[in-house]
Amino acid sequence: MDKFKVVKTYSDSIEATMAKDFLQDNGIEAFLADEYSGEILSSVVRGIKLIIKEKDFAQAEELLQSIADNVDENQNFEAEYITGILEESGALLNGHFKLTSGLHSDRYIEKIKVIQSPRKVEALCTILAKRLSNLNPDIVVGLAMGGIALGYEVAKQLNTDFIFTQRKDGEMTIRSGFRVEPGMKAIIIEDIVTTGGSVFEVIELLKSKGVEVLAIGLLVDRTGGKIDFGIQTEALLSINVTAYKPEDCPLCQQGIPITTPGSSDKKV
Ligand SMILES: [Zn+2]
């Protein structure tokens with residue numbers, strides 16, 4: 001009978017499932033023992049255990065290390081770089097903020113601060129364009145106002161045309177003077193998505209003109225990756241900002257002074 005061994009423990013079920021699938025794709029029998037097990041609930045380190053046959057241990061460990069190496073060297077570095085640019089420009093603030101909704105939060109995005117520095121726009125859009133470069137779009141479509149500078153820069157990097165949309169009498173429209181043709185392939189660029197409402201409207205608008213939407217590129221996804229446009233979506237930063245009722249706010253309880261941030265038109 002085969003002996004089994006825990007090769008790694010995960011706190012995140014998606015990460016655990018990806019690791020299990022990766023091992024199975026490489027011919028290693030693997031399964032997960034999750035928090036439903038009483039034994040694990042009572043253990044010191046609670047988590048999802050990735051279990052393999054003992055004979056496969058060395059190979060499994062090596063395969064898992066190869067995932068870790070890639071994540072560390074590429075995605076983590078890139079994420080730190082992006083966060084660094086946003087913090088440096090004053091766009092991503094940490095503290096204690098009163099939002100327009102009246103709720104309190106420990107994070108705030110002052111998106112307009114990014115656009116103030118064309119060099120930072122260029123740096124961020126280079127990463128975004130790289131992630132979208134295999135799609136070969138004919139056109140990049142930005143959403144006014146925030147998506148104009150970003151979309152323009154992405155279009156420049158991808159060597160495509162650029163247009164933007166704007167709301168006219170409440171309805172999403174392509175800015176007059178721009179032309180799109182049926183059969184064109186487009187990428188949509190927006191700065192921050194909270195509910196995604198405007199982006200959904202632009203997708204519908206472009207479809208109604210016979211334009212195929214290949215992907216969405218975002219500066220910040222405020223839903224923490226929950227938003228689903230039904231097509232490839234690339235966000236430079238994906239965060240889940242917690243908002244508290246004043247009476248439940250842990251920052252208030254710690255006596256941290258609160259600030260009401262400035263004039264951005266989208267609060268987090
Ligand atoms: Zn508070």
Side-chain angles (χ1 to χ4, degrees), residues 82 85-86 88-93 108-133 135-181 184-209 211-223 227 229 231-239 261-268:
I82 292 162
I85 292 176
L86 293 173
E88 199 183 297
S89 62
L92 183 61
L93 303 170
Y108 181 78
I109 298 166
E110 188 88 82
K111 60 182 186 177
I112 207 74
K113 296 274 193 197
V114 179
I115 294 167
Q116 191 167 344
S117 164
R119 283 281 173 236
K120 291 192 169 80
V121 169
E122 186 183 21
L124 293 168
C125 289
T126 299
I127 299 171
L128 200 49
K130 193 181 75 190
R131 293 190 193 169
L132 298 165
S133 61
L135 296 173
N136 294 318
D138 302 303
I139 200 158
V140 170
V141 182
L143 274 69
M145 298 289 293
I148 295 180
L150 299 168
Y152 182 92
E153 183 61 30
V154 170
K156 199 177 88 189
Q157 305 254 353
L158 293 177
N159 199 23
T160 68
D161 278 354
F162 168 74
I163 64 169
F164 65 86
T165 61
Q166 62 182 183
R167 212 174 279 283
K168 202 175 176 186
D169 302 324
E171 200 181 327
M172 194 61 80
T173 61
I174 291 170
R175 171 73 164 80
S176 63
F178 286 131
R179 276 186 59 170
V180 293
E181 308 284 347
M184 275 184 162
K185 293 178 179 13
I187 287 175
I188 296 172
I189 300 292
E190 172 65 311
D191 52 3
I192 299 181
V193 156
T194 303
T195 61
S198 301
V199 173
F200 279 115
E201 283 178 67
V202 173
I203 293 172
E204 287 311 310
L205 171 66
L206 291 171
K207 276 186 187 166
S208 75
K209 308 271 181 196
V211 176
E212 184 188 348
V213 181
L214 301 173
I216 314 291
L218 305 169
L219 183 62
V220 179
D221 171 9
R222 279 260 293 96
T223 73
I227 193 93
F229 294 111
I231 46 173
Q232 184 183 342
T233 301
E234 298 291 343
L236 287 183
L237 184 68
S238 178
I239 53 170
S263 56
S264 170
D265 59 345
K266 266 186 198 165
K267 312 289 188 197
V268 294

What is the distance from atom [atom1] of [X] to atom [atom2] of [Y], rounded to the nearest 0.5 Å?
X	Y	atom1	atom2	result
L158	D138	CG	CG	11.5 Å
T195	I227	OG1	CD1	6.5 Å
I139	L214	CD1	CG	11.5 Å
M184	T160	CE	OG1	9.5 Å

*Taking NZ, NE, NH1 and NH2 as the nitrogens, is one of them in K168 or E171 under 4.0 Å from a carboxylate oxygen of the other?*
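Salt bridge between K168 and E171, a charged N being under 4.0 Å from a carboxylate O: no.
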State, yes or no, whether a side-chain contact exists between [X] and [Y] at a heavy-atom distance under 4.5 Å.
X	Y	result
Q157	E122	yes
V141	V180	no
T165	L143	yes
L92	L237	yes
K209	L205	yes
M145	I112	no
I163	R175	no

*Using the side chain to side chain contact (heavy atoms under 4.5 Å, CB included) rule, take R222 and I192 through it: C-alpha gap first, then chi angles, then the decisive distance, then the call.*
CA-CA 7 Å; R222 279 260 293 96; I192 299 181; 3.5 Å; yes
Got a donor-acceptor contact below 3.5 angstrom from the [X] side chain to the [Y] backbone?
X	Y	value
S198	G196	no
R167	A144	no
S117	V114	no

Closest heavy-atom contact between [X] and [Y]?
X	Y	value
L150	C125	O-SG, 3.4 Å
L218	D221	CD1-CB, 4.2 Å
D191	G146	OD2-CA, 3.1 Å
E234	L128	O-CD1, 3.7 Å
I216	F229	CG1-CD1, 3.9 Å

*Please work out whether the ring planes of F178 and F164 are parallel, tilted or perpendicular, with thresholds of 30° and 60°.*
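Correct class here is perpendicular.
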